[in-house]
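Report on one structure; see the data block that follows.
In this text the structure is predicted, and so the values were computed from the model without any measurement. Per chain, numbering begins at 1; letters A, B, ... match sequence-line order.
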Protein chains: 2
Amino acid sequence: MTSIVRPARPPQPTLEMVAEVAGVSRATVSRVVNGSTKVSPEILASVTTAIKELNYVPNRAARSLASRQTQAVALVVPEDLTRFFGDPYFAAIVQGITRRLEQSDFTLNLMVASSDPRHKTLRYLRSGNVDGALIVSHHAGDEFVAELETSMPVVFGGRPSNADDLGAYFVDVDNEAGAVTGTQRLIDIGRRRIGSITGPIDMPAGIDRLSGFVRTLERVEMPADAVEHADFTASGAAAATRRLLGRCPEVDGIFVASDLMATGALDVLREYGRSVPGDVAIVGYDDSPAATSGPIPLTTVSQPSEEMGYAMADILLRLLAGDEKVPHRTIMPTRLVLRDSA
Amino acid sequence: MTSIVRPARPPQPTLEMVAEVAGVSRATVSRVVNGSTKVSPEILASVTTAIKELNYVPNRAARSLASRQTQAVALVVPEDLTRFFGDPYFAAIVQGITRRLEQSDFTLNLMVASSDPRHKTLRYLRSGNVDGALIVSHHAGDEFVAELETSMPVVFGGRPSNADDLGAYFVDVDNEAGAVTGTQRLIDIGRRRIGSITGPIDMPAGIDRLSGFVRTLERVEMPADAVEHADFTASGAAAATRRLLGRCPEVDGIFVASDLMATGALDVLREYGRSVPGDVAIVGYDDSPAATSGPIPLTTVSQPSEEMGYAMADILLRLLAGDEKVPHRTIMPTRLVLRDSA
DNA sequence: TTGTATGCGTTATCAT
DNA sequence: ATGATAACGCATACAA
């Protein structure tokens, strides 16, 4: 017979206990807690006192069970943790979401879930932990999303793959137009052999930026064959750059589909002894901190990532509030930011 | 009178509905869901079928209310998002925690909470959302922790400030010993005027690394006055490096209390035209990706951050399982990793 | 304005 | 092995 070593934790106070101390009914305490106006000043005072005295905090599970809502939303990121932490783009998105959520009493659940079987994530979401979901970095294969949409409102960061799904809500930029601007810059500064390091071709952002690139070169009758695919990581981009340089050594301008990838390209270029922008001009995408953290400040297509996060959260909150006229697509502007690399 | 535009979401199936379909009682379904062995094969089969058919997922709120546990733990980081995403140290910690949690059926709630009033975080935690908490980057002023410990098991990453709190569980390295090793390296390679960029002096990690630095220099009768405090950010370290260089231009070796800060110092050194390690040798701390991402690979004091995260989660899980003989302090080893900067 | 009663979807304690 | 039935802590429709 052993004694319990762990310090005994006092039971959390309940509504009922507060009611008893304040000498009122549970319902009244509930009203006070939920800020109902229909409560007399004296009772309000005594209940408030009792709450302070007991250090009462409402139990979420009970509240959620009774009210059928959780006051929480999830941010689902179908990527592994390394990518999530490695790309400042995600930091900006989270920042924006957080900024919006702080104005409400919703909390955010981060679900970075690729090593995790998607199935587990879906289970978690569907088990009533959150009222709605935000999804970024959505890949074509992620069909679990469809199922998710049947059980709660969902807002995407970046147009989802199945564009036919007209019911989807998303916040995005015109990726193709952004790519056109970025590519055009390379043409404007006189580059004649222009290549591209693309994002994953299973993501609309990757596809659209590539097609903007191709379209621009075709318009001026330049070859658009110096293209290598990568995965939005610096190391993936480095490898792609090596391939590109091997296949097409005369390249003098590269449109890279993200700033983080551009840093990888920069490293390889340095390794090969090519100066930037002298020998090779580089245009990135995102205008994330990665654009200015390296030795060569990047010329880049700026997208308002933080604002996009904010907008995503805002739309989801409106959806949850039952707002009927929320726009399905929110397109935000891009602009070219000129720095040193092109 | 307007019609509802939002797609009607079918109600989530409940235990009761499954029971009805399977032709058994709720209790039996519950047993199946929770993997009880005491259920006959035929019934197990029919219930399993019904669950699949209805696509049933247990409701967390109800389960948590009845069982009085949530199967979730929180990682509390009292820093702002920028710092959280900016320092690879946190990525490693989260990685380790996740790796451990994936082996259990606990989920992780990330709470990065400095802009957020600490109060709000505490409320969230105390409202029964999690069974236990992990806390990293704990500052001296964070007294909210004490209150948290009264309501759930808590494990710290890094020794908490109030070391008198003998009841606390934590995972750490011997920061002072690590600093000794790092500083000694600078002495060993012949540096005669050695300075340090420290972490925040309201954190044990900052204090201990500083005292290791000081102790080492005093032992060889070198002055330990070339010290500037910073905040574990690259920009903070850059500013501190400028101060240091201004005050003590003859410095030829710097012990920097984190790799991320070392990258900031490196930038300033380059700006001042000092070569590394030629003019100034640099030793960092952490051995995080920041140590190898820049142009000059850093010699650094390596700590097993990912393993520390894993250990933290492991300890918390054991605590939650009622394990009585979990060690209060877990100290992990550091080692000097030699690269180019010193 | 306040209180009473019922239900939210589970788990757990009893019977059987 | 299975089934009633009582909590769990709260919100809410309804009654007073």
### Message
Which is more 5' along DNA chain D, the nucleotide nearest A:A27 or the one nearest B:V39? Just name the residue.
### Response
B:V39

### Greater than 12 external heavy atoms within 6.0 Å of A:E20's CD
no

### Query
Which of residues 41-59 of chain A sit near DNA chain D, with a heavy atom under 4.0 Å from it?
A:Y56, A:P58, A:N59

### Task
Could you please spell out the steps behind the side-chain hydrogen bond (donor to acceptor under 3.5 Å, both in side chains) verdict for B:D131 and B:Q69?
CA-CA 6 Å; B:D131 296 333; B:Q69 45 180 14; 6.0 Å; no

### Query
Parallel, tilted or perpendicular for B:Y169 and B:H328, by the 30°/60° rule?
parallel

### Query
Do A:R31 and C:dG3 have a side chain to base donor-acceptor pair shorter than 3.5 Å?
yes

### Message
When you measure from the side chain of B:N34 to the backbone of B:S30, do you find a donor-acceptor pair of N or O atoms at a distance under 3.5 Å?
### Response
yes

### Query
Is the distance from OP1 or OP2 of C:dG3 to the nearest side-chain N or O of A:T28 less than 4.0 Å?
yes

## Note on the structure
Interatomic distance, CG@B:L134 vs CG@B:N109, rounded to 0.5 Å, equals 11.0 Å

## Note on the structure
Here the gap from B:S305 atom OG to B:Q95 atom CD, rounded to the nearest 0.5 Å, amounts to 11.5 Å

### Message
Please check this pair: side chain of A:R100 against backbone of A:A311, looking for a donor-acceptor N/O pair closer than 3.5 Å.
### Response
no

### Task
Taking the side chain as every heavy atom from C-beta outward, state whether B:V21 and B:I51 have any pair of such atoms under 4.5 Å apart.
no

### Query
Within less than 4.0 Å of OP1 or OP2 of C:dT11, is there a side-chain N or O belonging to B:S30?
yes

### Query
Within the structure shown, what part of the strands sits under 4.0 Å from A:L15 by heavy-atom distance: base, sugar-phosphate, or nothing?
sugar-phosphate

### Task
Say whether, by atom type as modelled, one donor and one acceptor occur between the side chain of B:T28 and the main chain of B:V24 under 3.5 angstrom.
no

Just the atom pairs and distances: protein N or O near nucleotides 6-8 of chain C's N or O, under 3.5 Å.
residue : atom : partner : partner atom : Å
C:dC8   : O2   : A:A66   : N            : 3.4

### Message
With a strict under 4.0 Å distance from non-hydrogen atoms of chain B, what nucleotide opens and what nucleotide closes the contacted stretch of DNA chain D, reading 5' to 3'?
### Response
D:dA1 to D:dG9

### Task
Please state how far atom CD in B:Q69 lies from atom P in C:dT10, giving the value in whole angstrom units.
16 Å

### Message
Using ring pair (Phe, Tyr, Trp, His ring centres under 6.0 Å), reason through A:H138 and A:F156 one step at a time and then give a plain yes or no.
### Response
CA-CA 8 Å; A:H138 173 233; A:F156 292 88; 5.3 Å; yes

### Query
Contact class for B:V33 vs. all strands (heavy atom < 4.0 Å): base, sugar-phosphate, or nothing?
nothing

### Task
List the steps, then state whether ring pair (Phe, Tyr, Trp, His ring centres under 6.0 Å) holds for A:Y89 with A:F84.
CA-CA 9 Å; A:Y89 166 75; A:F84 179 71; over 10 Å; no

